[in-house]
2 protein chains.
Amino acid sequence: MPSSPQDDLLTTLRQTMGVIIHLTMRRSWRFAKEHGLSITQIMALRQLAHHQEACSVSSIGEGLGITNAAASQLLDKLVQQGLVLRTENPHDRRSKQIVITEKGKDLLRESMRAQRAWMEVLGQRVTPAEARQITEALALLTEKLADVE
Amino acid sequence: MPSSPQDDLLTTLRQTMGVIIHLTMRRSWRFAKEHGLSITQIMALRQLAHHQEACSVSSIGEGLGITNAAASQLLDKLVQQGLVLRTENPHDRRSKQIVITEKGKDLLRESMRAQRAWMEVLGQRVTPAEARQITEALALLTEKLADVE
DNA sequence: GTGAATAGTTAAGTGCGGTTAGATTTTAGG
DNA sequence: CCTAAAATCTAACCGCACTTAACTATTCAC
């Protein structure tokens, strides 16, 4: 049976993700522990950073699969640490607008930096031509995934 | 200042990883929750699956950044669920050999399947030519990272 | 307007992952 | 041998993330 380029892509993607997940999850998780944050808190920050605009408390809870009460408590701690801002929604005063602060973004950036080691190894192992090839492909991949949930 | 292909690669990699991590961590984390497992337990399984051979209790604890006592308790639960096997080390009877079972590997495979959705979206969005391009680059990337950490 | 629904917070309670401390068994060293 | 060290397990305890339930404040619908 002939395999389509799309099928090949899926197969390769699964393989690559196996490696990537092993490298990144591990580091993300240790990063969280070292900074005294829970994975959930990191996930909340990521979610806020991901769809740029302000989120409601309940949308965050839903995104994380926890109750609104839990989300509210979780956000308390993030606010306390200055990682997010909680303001009233002028259009609906029942609702709150949650946005990530610069400090919060910094933290996420720093967590990315925890990935740096293996990325640099990769950088050292590829030729300039290979680097260009991979860069191009990744840029394409990122573009295609830009708006995926 | 001119940027080398390697620098470009790092920059793009960081960006791509931002997206990828958002997609994969989120799903891995939900998968764990839905299966009543902690991230730590998943990490332990990953570690066991990664370096194929048997591990000691303490090496797992070390890998996870927890005490041996915690590792021992954690493994209890994994053994109970049939995800790992704990046997005596014939060469040093103080030590135990921990190996992942088929059931454990199945679980990891299933957690990979949880990533399928976004991968398929990607598959639908690229042209066959783009699919080939990305596949090639990812295969290269995987090859270069095969033995890291 | 009044009652119902929505958004969020607060409080009390639970479960679980983790720690420390101490016991057990086996190996290694002089 | 006999002591010290190593690998694991057990037990008691702690903190924290979540849940449920009750409460406040706002908006919507008739």
Side-chain angles (χ1 to χ4, degrees), chain A residues 25-26 28-48 53-81 83-100, chain B residues 25-26 28-48 51 53-81 83-99:
Chain A
M25 283 227 4
R26 192 186 168 82
S28 293
W29 175 75
R30 301 203 87 158
F31 175 85
K33 281 186 78 174
E34 281 159 14
H35 283 70
L37 295 168
S38 69
I39 295 287
T40 314
Q41 288 173 316
I42 299 273
M43 300 306 286
L45 283 178
R46 268 195 217 296
Q47 184 174 336
L48 284 165
E53 320 135 5
C55 295
S56 66
V57 173
S58 42
S59 75
I60 289 175
E62 195 178 350
L64 297 174
I66 57 180
T67 61
N68 291 349
S72 179
Q73 291 166 10
L74 179 144
L75 289 171
D76 273 345
K77 284 161 202 157
L78 294 182
V79 168
Q80 239 171 358
Q81 296 178 55
L83 301 174
V84 309
L85 220 57
R86 172 159 48 183
T87 57
E88 229 177 32
N89 182 339
H91 298 85
D92 182 346
R93 287 173 52 213
R94 291 171 300 180
S95 170
K96 299 292 171 70
Q97 290 179 324
I98 314 292
V99 291
I100 186 169
Chain B
M25 284 226 4
R26 191 187 168 83
S28 293
W29 175 76
R30 299 202 88 158
F31 175 85
K33 282 186 79 176
E34 281 160 12
H35 283 70
L37 295 168
S38 70
I39 295 287
T40 314
Q41 288 173 317
I42 298 273
M43 300 306 285
L45 283 179
R46 267 195 219 294
Q47 185 174 337
L48 284 165
H51 22 25
E53 318 136 6
C55 294
S56 67
V57 173
S58 41
S59 76
I60 289 175
E62 196 178 347
L64 298 174
I66 57 179
T67 61
N68 291 349
S72 179
Q73 292 165 9
L74 178 144
L75 290 171
D76 272 346
K77 285 160 201 157
L78 294 182
V79 168
Q80 241 171 359
Q81 296 179 55
L83 300 174
V84 309
L85 219 58
R86 173 158 50 183
T87 58
E88 228 177 33
N89 183 339
H91 298 83
D92 183 345
R93 289 174 50 213
R94 291 170 301 181
S95 170
K96 298 291 168 72
Q97 289 180 324
I98 315 291
V99 291

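Chain letters run A, B, ... following the sequence lines, proteins first, then strands; residues in each count from 1.
- Closest contact between the side chain of B:R94 and the listed nucleotides D:dA7, C:dT10, C:dG18 involves D:dA7.
- Computed from coordinates, the B:H91 NE2 to C:dT25 P distance equals 23 Å when rounded to whole Å.
- Regarding A:D76, its CG atom lies at a distance of 14 Å from the C1' atom of D:dC16, rounded to whole Å.
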**Request:** Report the C-alpha separation of A:S72 and A:R86 in whole Å, then their side-chain angles, then the decisive distance to 0.1 Å, and conclude whether the side chain to side chain contact (heavy atoms under 4.5 Å, CB included) test is met.
**Result:** CA-CA 10 Å; A:S72 179; A:R86 172 159 48 183; 4.0 Å; yes
**Asked** Checking side chain to side chain contact (heavy atoms under 4.5 Å, CB included) for the pair A:K96/A:E88: CA distance, chi angles, key distance, verdict?
**Response** CA-CA 5 Å; A:K96 299 292 171 70; A:E88 229 177 32; 4.3 Å; yes
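- Proximity note for B:W29 (side chain, C-beta onward) versus D:dC18, D:dC9, D:dT8: the nearest is D:dC18.
- Below the 3.5 angstrom threshold, one finds no donor paired with an acceptor across the side chain of B:E88 and the base of D:dT8.
- Note on B:K77: only backbone sugar-phosphate atoms sit closer than 4.0 angstrom, heavy atoms only; bases stay farther off.
- B:L75 contributes atom CG, which lies 9.5 Å from atom CD of B:Q41 (distance to the nearest 0.5 angstrom).
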**Request:** May I have the step-by-step check of side chain to side chain contact (heavy atoms under 4.5 Å, CB included) for B:W29 and A:T40, ending in yes or no?
**Result:** CA-CA 9 Å; B:W29 175 76; A:T40 314; 3.7 Å; yes
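- If you check C:dA11, C:dT26, C:dG17 against the side chain of B:T40, the one that comes closest is C:dG17.
- Straight-line distance from the NE2 atom of A:H35 to the C1' atom of D:dC16: 19 Å, rounded to whole Å.
- Rounded to 10 degrees, the angle separating the terminal axes of the helix from C:dG1-D:dC30 to C:dG30-D:dC1 is 20°, with each axis obtained from five end pairs.
- Each of C:dG17, D:dT26, D:dC18 was ranked by its minimum atom distance to the side chain of A:D92; first place goes to D:dT26.
- Nucleotides of DNA chain D nearest to B:C55 and A:L37 differ in position, and the one nearer the 5' end is that of B:C55.
- Between the NZ atom of B:K33 and the C1' atom of C:dG15 there is a distance of 14 Å, rounded to whole Å.
- At whole-Å resolution of the value, CD in B:Q41 and C1' in C:dC16 are 10 Å apart.
- The side chain of A:S56 approaches C:dG8 more closely than any other nucleotide in the set D:dC9, C:dG17, C:dG8.
- The CD1 atom of B:I39 sits 11 Å away from the P atom of C:dG18 (whole-angstrom rounding).
- Listed by residue number, the members of residues 62-71 of chain A with any heavy atom below 4.0 angstrom from DNA chain C are A:N68, A:A69.
- How far OG of A:S38 is from CG of A:L74: 6.0 Å, rounded to the nearest 0.5 Å.
- Distance, B:I98 CD1 to D:dA7 C1': 11 Å, rounded to whole Å.
- Atom CZ of A:R94 is separated from atom OG of A:S56 by 11.5 Å, given to the nearest 0.5 angstrom.
- Here B:S95 does not reach the OP1 or OP2 of D:dA7: none of its side-chain N or O atoms lies under 4.0 Å away.
- The nucleotide whose nearest atom lies closest to any side-chain atom of B:S58 is, among D:dT27, D:dC18, D:dT8, D:dT8.
- Protein atom CD of A:Q97 is 10 Å distant from nucleotide atom P of C:dG8, rounded to whole Å.
- In this structure, B:R46 and A:M25 have side chains that are in contact, with non-hydrogen atoms separated by less than 4.5 Å.
- Set against C:dA7, D:dA11, C:dT9, the side chain of A:K96 has C:dT9 as its closest nucleotide.
- Looking only at side-chain heavy atoms (C-beta outward), B:V57 and B:I60 stay at 4.5 Å or farther from each other.
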**Asked** Passes side chain to side chain contact (heavy atoms under 4.5 Å, CB included), B:K33 versus A:I66? Steps please.
**Response** CA-CA 11 Å; B:K33 282 186 79 176; A:I66 57 180; 3.5 Å; yes
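- Applying the 4.0 Å criterion to OP1 and OP2 of D:dT8, one finds that B:R93 has every side-chain N and O outside that range.
- Here the side chains of A:Q81 and A:L37 are in contact, with some heavy-atom distance below 4.5 Å.
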